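Sequence lines set the chain letters: A, B, ... in the order given, protein chains first and strands last, and positions in each chain run from 1. What you see is a predicted model; the values in this text were computed from it and never measured.
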Protein chains: 2
Amino acid sequence: MKKYEHPDIRNVTLTEVMQALSDPSRIKIVRQLLDYPQRPFACNEFPVKGSKATISHHFHVLRQAGLIQTKVEGTKCLTTLRRTEIEKKFPGLWKFLDKSC
Amino acid sequence: MKKYEHPDIRNVTLTEVMQALSDPSRIKIVRQLLDYPQRPFACNEFPVKGSKATISHHFHVLRQAGLIQTKVEGTKCLTTLRRTEIEKKFPGLWKFLDKSC
DNA sequence: TCTATTGTTCGTCAATGATCGAACTATAAA
DNA sequence: TTTATAGTTCGATCATTGACGAACAATAGA
(Lines give C-alpha, C1' and ligand atoms only; values in the text may rest on other atoms or scores of the structure.)
Protein backbone atom coordinates (compact mmCIF):
# COMPACT_ATOMS: atom_id res chain seq x y z
CA MET A 1 0.00 0.00 0.00
CA LYS A 2 1.14 3.53 -0.65
CA LYS A 3 2.21 5.73 2.19
CA TYR A 4 -0.12 8.53 3.14
CA GLU A 5 0.34 12.26 2.99
CA HIS A 6 -0.58 14.19 6.07
CA PRO A 7 -0.80 17.96 5.89
CA ASP A 8 1.00 20.25 8.26
CA ILE A 9 -1.65 21.34 10.74
CA ARG A 10 -0.55 24.94 10.31
CA ASN A 11 -1.86 24.84 6.77
CA VAL A 12 -5.26 23.49 7.71
CA THR A 13 -8.10 26.00 7.66
CA LEU A 14 -11.26 26.10 9.71
CA THR A 15 -13.23 26.07 6.50
CA GLU A 16 -11.60 22.82 5.43
CA VAL A 17 -12.32 21.24 8.77
CA MET A 18 -15.95 22.26 8.61
CA GLN A 19 -16.26 21.07 5.07
CA ALA A 20 -14.78 17.71 6.04
CA LEU A 21 -17.32 17.38 8.83
CA SER A 22 -20.31 18.39 6.74
CA ASP A 23 -21.04 14.81 5.79
CA PRO A 24 -22.92 12.30 7.97
CA SER A 25 -20.58 9.41 7.18
CA ARG A 26 -17.52 11.40 8.07
CA ILE A 27 -19.05 12.63 11.30
CA LYS A 28 -19.78 9.00 12.21
CA ILE A 29 -16.17 8.08 11.57
CA VAL A 30 -14.82 10.88 13.73
CA ARG A 31 -17.25 10.13 16.53
CA GLN A 32 -16.32 6.48 16.63
CA LEU A 33 -12.68 7.49 16.89
CA LEU A 34 -13.60 9.86 19.71
CA ASP A 35 -15.48 7.10 21.51
CA TYR A 36 -12.46 4.80 21.55
CA PRO A 37 -9.45 6.97 22.31
CA GLN A 38 -6.04 5.67 21.29
CA ARG A 39 -7.59 2.74 19.50
CA PRO A 40 -6.82 2.50 15.78
CA PHE A 41 -9.46 1.31 13.36
CA ALA A 42 -9.21 -0.11 9.88
CA CYS A 43 -11.38 1.52 7.23
CA ASN A 44 -13.90 -1.29 7.20
CA GLU A 45 -14.50 -1.14 10.92
CA PHE A 46 -16.81 1.84 10.73
CA PRO A 47 -20.58 1.63 10.32
CA VAL A 48 -20.46 3.55 7.06
CA LYS A 49 -22.15 2.32 3.95
CA GLY A 50 -20.97 2.85 0.40
CA SER A 51 -18.50 1.34 -2.02
CA LYS A 52 -14.83 0.92 -1.24
CA ALA A 53 -14.10 3.89 -3.46
CA THR A 54 -16.54 6.12 -1.63
CA ILE A 55 -15.27 5.14 1.79
CA SER A 56 -11.70 5.66 0.69
CA HIS A 57 -12.74 9.11 -0.47
CA HIS A 58 -14.19 9.97 2.95
CA PHE A 59 -10.95 9.05 4.67
CA HIS A 60 -9.03 11.07 2.14
CA VAL A 61 -11.10 14.16 2.94
CA LEU A 62 -10.66 13.71 6.68
CA ARG A 63 -6.94 13.21 6.19
CA GLN A 64 -6.56 16.35 4.08
CA ALA A 65 -8.41 18.30 6.73
CA GLY A 66 -5.81 17.20 9.25
CA LEU A 67 -8.34 15.39 11.39
CA ILE A 68 -7.00 11.85 11.11
CA GLN A 69 -3.76 10.09 10.48
CA THR A 70 -3.36 6.79 8.73
CA LYS A 71 -0.66 4.20 9.16
CA VAL A 72 -0.10 1.14 7.03
CA GLU A 73 -0.16 -2.17 8.89
CA GLY A 74 0.01 -5.22 6.69
CA THR A 75 -2.80 -5.01 4.16
CA LYS A 76 -4.77 -2.71 6.40
CA CYS A 77 -4.50 0.96 7.11
CA LEU A 78 -5.06 2.02 10.66
CA THR A 79 -6.68 5.33 11.40
CA THR A 80 -6.46 7.45 14.51
CA LEU A 81 -7.38 11.03 15.30
CA ARG A 82 -4.75 13.76 15.29
CA ARG A 83 -6.00 14.55 18.72
CA THR A 84 -3.52 16.85 20.35
CA GLU A 85 -2.52 18.74 17.24
CA ILE A 86 -6.09 19.55 16.32
CA GLU A 87 -6.97 20.37 19.90
CA LYS A 88 -4.15 22.88 19.92
CA LYS A 89 -5.15 24.56 16.68
CA PHE A 90 -8.91 24.25 17.09
CA PRO A 91 -9.50 24.13 20.83
CA GLY A 92 -12.84 22.66 21.76
CA LEU A 93 -13.52 20.89 18.48
CA TRP A 94 -13.33 17.38 19.89
CA LYS A 95 -15.39 18.24 22.92
CA PHE A 96 -17.95 19.89 20.73
CA LEU A 97 -18.24 16.94 18.37
CA ASP A 98 -18.40 14.52 21.22
CA LYS A 99 -21.23 16.22 23.04
CA SER A 100 -23.42 17.50 20.24
CA CYS A 101 -26.42 15.49 19.23
CA MET B 1 -40.06 42.74 3.33
CA LYS B 2 -41.25 39.20 3.91
CA LYS B 3 -41.14 37.67 7.31
CA TYR B 4 -38.52 35.03 7.87
CA GLU B 5 -38.84 31.36 8.62
CA HIS B 6 -36.75 30.07 11.46
CA PRO B 7 -36.47 26.32 11.95
CA ASP B 8 -37.17 24.61 15.22
CA ILE B 9 -33.76 23.94 16.71
CA ARG B 10 -34.80 20.38 17.44
CA ASN B 11 -34.89 19.71 13.72
CA VAL B 12 -31.45 21.10 13.05
CA THR B 13 -28.74 18.52 12.45
CA LEU B 14 -25.04 18.72 13.16
CA THR B 15 -24.39 18.04 9.50
CA GLU B 16 -26.45 21.06 8.50
CA VAL B 17 -24.59 23.25 10.95
CA MET B 18 -21.24 22.07 9.67
CA GLN B 19 -22.34 22.55 6.10
CA ALA B 20 -23.48 26.07 6.87
CA LEU B 21 -20.10 26.84 8.40
CA SER B 22 -18.05 25.33 5.60
CA ASP B 23 -17.87 28.62 3.74
CA PRO B 24 -15.42 31.44 4.51
CA SER B 25 -18.00 34.19 4.10
CA ARG B 26 -20.43 32.53 6.43
CA ILE B 27 -17.75 31.92 9.03
CA LYS B 28 -16.89 35.61 8.87
CA ILE B 29 -20.51 36.54 9.44
CA VAL B 30 -20.86 34.29 12.47
CA ARG B 31 -17.58 35.48 13.95
CA GLN B 32 -18.55 39.11 13.67
CA LEU B 33 -21.79 38.32 15.45
CA LEU B 34 -19.81 36.53 18.14
CA ASP B 35 -17.52 39.51 18.52
CA TYR B 36 -20.39 41.90 19.23
CA PRO B 37 -22.82 40.05 21.45
CA GLN B 38 -26.39 41.26 21.53
CA ARG B 39 -25.75 43.70 18.73
CA PRO B 40 -27.85 43.22 15.63
CA PHE B 41 -26.35 43.80 12.20
CA ALA B 42 -27.91 44.49 8.84
CA CYS B 43 -26.84 42.28 5.97
CA ASN B 44 -24.59 44.91 4.44
CA GLU B 45 -22.67 45.50 7.64
CA PHE B 46 -20.48 42.45 7.20
CA PRO B 47 -17.15 42.42 5.38
CA VAL B 48 -18.40 39.91 2.85
CA LYS B 49 -18.03 40.46 -0.83
CA GLY B 50 -20.42 39.28 -3.52
CA SER B 51 -23.68 40.37 -5.08
CA LYS B 52 -26.79 41.08 -3.08
CA ALA B 53 -28.18 37.76 -4.22
CA THR B 54 -25.14 35.86 -3.02
CA ILE B 55 -25.10 37.55 0.35
CA SER B 56 -28.79 36.93 0.80
CA HIS B 57 -28.10 33.29 0.02
CA HIS B 58 -25.47 33.06 2.75
CA PHE B 59 -27.88 34.43 5.32
CA HIS B 60 -30.51 32.02 4.14
CA VAL B 61 -28.17 29.07 4.71
CA LEU B 62 -27.21 30.27 8.18
CA ARG B 63 -30.86 30.80 9.02
CA GLN B 64 -31.87 27.34 7.86
CA ALA B 65 -29.08 25.86 9.97
CA GLY B 66 -30.62 27.53 13.01
CA LEU B 67 -27.55 29.65 13.65
CA ILE B 68 -29.04 33.11 13.17
CA GLN B 69 -32.35 34.84 13.46
CA THR B 70 -33.50 37.74 11.37
CA LYS B 71 -35.94 40.45 12.24
CA VAL B 72 -37.38 43.06 9.91
CA GLU B 73 -36.75 46.65 10.93
CA GLY B 74 -37.82 49.21 8.39
CA THR B 75 -36.16 48.42 5.11
CA LYS B 76 -33.41 46.53 6.85
CA CYS B 77 -33.27 43.10 8.32
CA LEU B 78 -31.40 42.74 11.55
CA THR B 79 -29.48 39.58 12.27
CA THR B 80 -28.47 38.12 15.59
CA LEU B 81 -27.17 34.74 16.69
CA ARG B 82 -29.51 32.18 18.18
CA ARG B 83 -27.03 32.04 20.99
CA THR B 84 -28.64 30.19 23.85
CA GLU B 85 -30.65 27.75 21.78
CA ILE B 86 -27.63 26.65 19.77
CA GLU B 87 -25.45 26.53 22.85
CA LYS B 88 -27.96 24.18 24.42
CA LYS B 89 -28.18 21.85 21.44
CA PHE B 90 -24.54 22.08 20.36
CA PRO B 91 -22.62 22.92 23.50
CA GLY B 92 -19.24 24.43 22.83
CA LEU B 93 -19.89 25.47 19.24
CA TRP B 94 -19.68 29.19 19.89
CA LYS B 95 -16.62 28.87 22.05
CA PHE B 96 -14.98 26.73 19.45
CA LEU B 97 -15.72 29.15 16.61
CA ASP B 98 -14.61 32.08 18.67
CA LYS B 99 -11.24 30.66 19.61
CA SER B 100 -10.20 28.77 16.50
CA CYS B 101 -7.88 30.42 14.06
C1' DT C 1 -46.36 60.11 -5.56
C1' DC C 2 -41.69 59.32 -6.84
C1' DT C 3 -37.27 57.64 -5.57
C1' DA C 4 -33.81 55.44 -2.79
C1' DT C 5 -32.75 51.69 0.28
C1' DT C 6 -32.62 46.91 1.55
C1' DG C 7 -33.14 42.52 0.76
C1' DT C 8 -35.65 38.26 -1.66
C1' DT C 9 -36.55 35.17 -5.43
C1' DC C 10 -35.88 33.19 -9.94
C1' DG C 11 -33.34 31.25 -13.65
C1' DT C 12 -28.91 30.08 -15.19
C1' DC C 13 -24.19 28.79 -15.28
C1' DA C 14 -19.91 26.90 -13.43
C1' DA C 15 -17.59 24.50 -9.91
C1' DT C 16 -17.49 21.24 -6.47
C1' DG C 17 -18.57 16.93 -4.35
C1' DA C 18 -20.59 12.16 -3.62
C1' DT C 19 -20.94 7.97 -5.65
C1' DC C 20 -19.78 3.96 -8.29
C1' DG C 21 -17.40 0.20 -11.09
C1' DA C 22 -13.20 -1.23 -12.80
C1' DA C 23 -8.47 -1.60 -12.85
C1' DC C 24 -4.65 -1.45 -9.94
C1' DT C 25 -1.08 -2.01 -5.82
C1' DA C 26 0.71 -4.15 -1.92
C1' DT C 27 0.77 -7.49 1.57
C1' DA C 28 -0.39 -11.93 3.73
C1' DA C 29 -1.55 -16.55 3.68
C1' DA C 30 -2.31 -21.04 1.50
C1' DT D 1 2.86 -19.18 -7.19
C1' DT D 2 -1.83 -18.49 -6.54
C1' DT D 3 -5.51 -16.46 -4.04
C1' DA D 4 -7.58 -13.47 -0.69
C1' DT D 5 -7.61 -9.09 1.72
C1' DA D 6 -7.55 -4.05 2.04
C1' DG D 7 -7.44 -0.03 0.15
C1' DT D 8 -6.21 3.51 -3.79
C1' DT D 9 -6.87 5.75 -8.15
C1' DC D 10 -9.22 6.80 -12.45
C1' DG D 11 -12.96 8.22 -15.17
C1' DA D 12 -17.77 8.91 -15.42
C1' DT D 13 -22.18 10.37 -13.76
C1' DC D 14 -25.30 12.91 -11.05
C1' DA D 15 -26.67 16.14 -7.39
C1' DT D 16 -25.58 20.08 -4.70
C1' DT D 17 -23.82 24.51 -4.14
C1' DG D 18 -21.98 29.28 -5.04
C1' DA D 19 -22.36 33.02 -7.81
C1' DC D 20 -24.61 36.39 -10.66
C1' DG D 21 -28.02 39.64 -13.02
C1' DA D 22 -32.65 40.86 -13.34
C1' DA D 23 -37.06 41.42 -11.70
C1' DC D 24 -39.57 42.00 -7.64
C1' DA D 25 -41.44 43.56 -2.76
C1' DA D 26 -41.63 46.44 1.18
C1' DT D 27 -40.56 50.39 3.64
C1' DA D 28 -38.77 55.18 4.38
C1' DG D 29 -38.20 59.74 3.08
C1' DA D 30 -38.47 63.77 -0.11
Nucleotide [N], atom [atom2] - distance to [atom1] of [X] in whole Å:
X	N	atom1	atom2	value
B:Lys76	C:dA4	NZ	P	18 Å
A:Met18	D:dT17	CE	P	17 Å
A:Lys28	C:dA18	NZ	C1'	15 Å
A:Asn44	D:dA6	CG	C1'	7 Å
A:Phe59	D:dA6	CZ	C1'	12 Å
A:Lys71	D:dT8	NZ	C1'	20 Å
B:His58	D:dT17	NE2	P	13 Å
B:Leu21	D:dT17	CG	P	14 Å

Under 3.5 Å donor-acceptor, B:Arg63 side chain and B:Glu5 backbone: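 Answer holds: no.
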Quick check against the 3.5 Å criterion: does A:Glu87 have a side-chain atom that pairs as donor or acceptor with the backbone of A:Gly92? yes
Heavy-atom nearest nucleotide on DNA chain C taken for A:Lys52 and for A:Ser22; more 5' hit belongs to A:Ser22
Result for 5'-nearest mapping on DNA chain C, choosing between A:Lys49 and B:Thr70, is B:Thr70
Tell me whether the OP1 or OP2 atom of [N] has a side-chain N or O from [X] closer than 4.0 Å.
X	N	result
B:Tyr4	C:dG7	no
B:Thr54	D:dC20	yes
A:Ser51	C:dC20	yes
B:Ser56	C:dT8	yes

Would you please classify the geometry between the A:Phe41 ring and the A:Tyr36 ring as parallel, tilted or perpendicular, with 30° and 60° separating the classes?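 Because their plane-to-plane angle is over 60°, the rings of A:Tyr36 and A:Phe41 count as perpendicular.
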Counting any heavy atom closer than 4.0 Å, what does A:His60 reach on the DNA or RNA strands: base, sugar-phosphate only, or nothing?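 Since no nucleic acid heavy atom lies under 4.0 Å of A:His60, the category is nothing.
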Closest approach to the side chain of [X], judged atom by atom: which nucleotide of [options] is it?
X	options	answer
B:Arg63	C:dT8, C:dA18, D:dG7	C:dT8
A:Ala53	D:dA6, C:dC20, C:dG7	C:dC20
B:Gln19	D:dT17, C:dG7, C:dG21	D:dT17
A:Arg26	C:dA18, D:dT27, D:dG7	C:dA18

Gap separating the CG atom of B:Asp35 from the NZ atom of B:Lys28, nearest 0.5 angstrom: 13.0 Å
DNA chain D nearest-nucleotide lookup for A:Cys43 and B:His57: closer to the 5′ end is A:Cys43
Restricting to non-hydrogen atoms, name the atom on A:Pro47 and the atom on A:Gln32 that form the minimum distance, rounded to 0.1 Å.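 It is CD-OE1, 3.1 Å.
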